[in-house]
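Notes follow the structure.
Below, all heavy atoms of this structure are taken into account, side chains as well, without hydrogens, waters or symmetry copies.
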Amino acid sequence: MAPKATKAEKKIAYDQKLCQLLDDYTQVLVAAADNVGSNQLQNIRKGLRGDSVVLMGKNTMMKRTIRVHAENSGNETILNLIPLLVGNVGLIFTKGDLKEVSEEVAKYKVGAPARVGLVAPVDVVVPPGNTGLDPSQTSFFQVLNIPTKINKGTVEIITPVELIKKGEKVGSSEAALLAKLGIRPFSYGLVVVSAYDNGSVFSPEVLDLTEDDLVEKFAMGVSMVTSLSLAISYPTLAAAPHMFTNAYKNVLAIAVETEYSFPLADKVKEYLEDPSKFAIAAAPAAGAGAGDAPAAAKEEQKEEPAEESDEDLGFSLFD
């Protein structure tokens, strides 16, 4: 039988393992491990086996190893992991897709009873219906102000009752009642709280973004850059088309108010001198949209000479 390793030997082995993982992997998920049992953690390790490794340990030991390894290897980016090691957390080293690994970890949540003194992570609501308890158990419901009635020799809850609110501590009466009803209201598992990728640290919500979300955010950013550029008259690629359009409109406005002219300005002046041309130009477009126009009217429309539209002027008169 091999001799049992000493505490110092265990620390050395742990340091070597963590250093090796830091060299082999560039992606790390930091996961909170509150109320996660050893059997549950073993199942998570089995589920991630292949391209991911789960490493638990004391935060002080992990921080020291990361600092020493960063100094020895010259890889300063791994120091970004140190601020993430707060509370009861573990490291999931992976070479797979971070989103897929995060979703796989979330599958291994297990139900847990409400223990006395535990802070509720979610609201606990007792549903209405027959509890299967005999009438002698009504004292539990009376203490918690839960409306009940006796139906066929058993206690029945009349309406749904919010027994425990999120953030409140579980009392002895609440825990006893939930145990009698066989309700396991809480579920626990590894919860990803941060993601590390080649030195970059970001929230796990980023993993849920789709390509459409990225395109929408990019378009919003371009719109904000355009608005700011136009407001301070600073030329950018996003604002350039609008600046040229506004400048062109200003030139047309000057030409209309003065004797200065050029070909497109002449067309504008012609329309302004004879406003009836606006109606003539707009008539074909309105006729094209009417699906119930008589055939004879359509024929007349075809025979009429085409008038110049505002699109021929190089801009929209109605902008």
Salt bridge (charged side-chain N to carboxylate O under 4.0 Å, His left out) contacts in which one or both residues fall within [range], not counting sequence neighbours:
| range | result |
| --- | --- |
| residues 88-110 | Glu104-Lys107 |
| residues 11-27 | Asp15-Arg64 |
| residues 158-185 | none |

Task: Common cluster, Leu18/Ile92, ILVMFWY with side-chain heavy-atom separation under 4.5 Å - done: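 In one cluster: no.
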On a heavy-atom basis, which atom in [X] and which in [Y] lie closest, and how many Å separate them?
| X | Y | value |
| --- | --- | --- |
| Val116 | Gly171 | CG2-O, 4.2 Å |
| Val89 | Ala32 | CG1-CA, 4.1 Å |
| Ala175 | Ala114 | CB-O, 3.2 Å |
| Pro83 | Val86 | O-CG2, 3.4 Å |
| Met243 | Ser233 | CE-C, 4.0 Å |
| Tyr188 | Gln40 | O-NE2, 2.6 Å |

TODO: Apply side chain to side chain contact (heavy atoms under 4.5 Å, CB included) to Lys149 and list each qualifying residue two or more places apart in sequence or on a separate chain.
DONE: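 Only Glu156, Ile158 meet the side chain to side chain contact (heavy atoms under 4.5 Å, CB included) criterion with Lys149.
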Task: Any residue meeting side chain to side chain contact (heavy atoms under 4.5 Å, CB included) with Val155, in chain and number order, not counting sequence neighbours - done: Thr131, Thr138, Phe141, Thr148, Ile150
- [ ] Please check if the side chain of Thr226 supplies one atom and the backbone of Val222 the other of a donor-acceptor pair under 3.5 Å.
- [x] yes
Task: Distance (rounded to the nearest 0.5 Å) between Leu84 CG and Asn59 CG - done: 10.5 Å
Task: Between CG on residue Asn43 and OH on residue Tyr108, distance to nearest 0.5 Å - done: 7.0 Å
Counting only heavy atoms from other residues, nucleotides and ligands, does the tally under 6.0 Å from [atom1] of [X] exceed 12?
| X | atom1 | value |
| --- | --- | --- |
| Glu257 | CD | no |
| Tyr234 | OH | no |
| Leu237 | CG | no |
| Met61 | CE | yes |

TODO: Would you check if Leu177 and Ile183 make a side-chain contact, meaning some heavy-atom pair closer than 4.5 Å?
DONE: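 No, every pair of side-chain atoms sits at 4.5 Å or beyond.
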Task: Test item: Val105 and Leu29 side chains (from C-beta on) under 4.5 Å apart, heavy atoms - done: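 Not touching, per the 4.5 Å side-chain cut-off.
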Show every donor-acceptor pair shorter than 3.5 Å between a side-chain atom in residues 50-58 and any protein atom, with sequence neighbours excluded, or say none if there are none.
| unit_1 | atom_1 | unit_2 | atom_2 | d |
| --- | --- | --- | --- | --- |
| Ser52 | OG | Thr94 | OG1 | 2.9 |

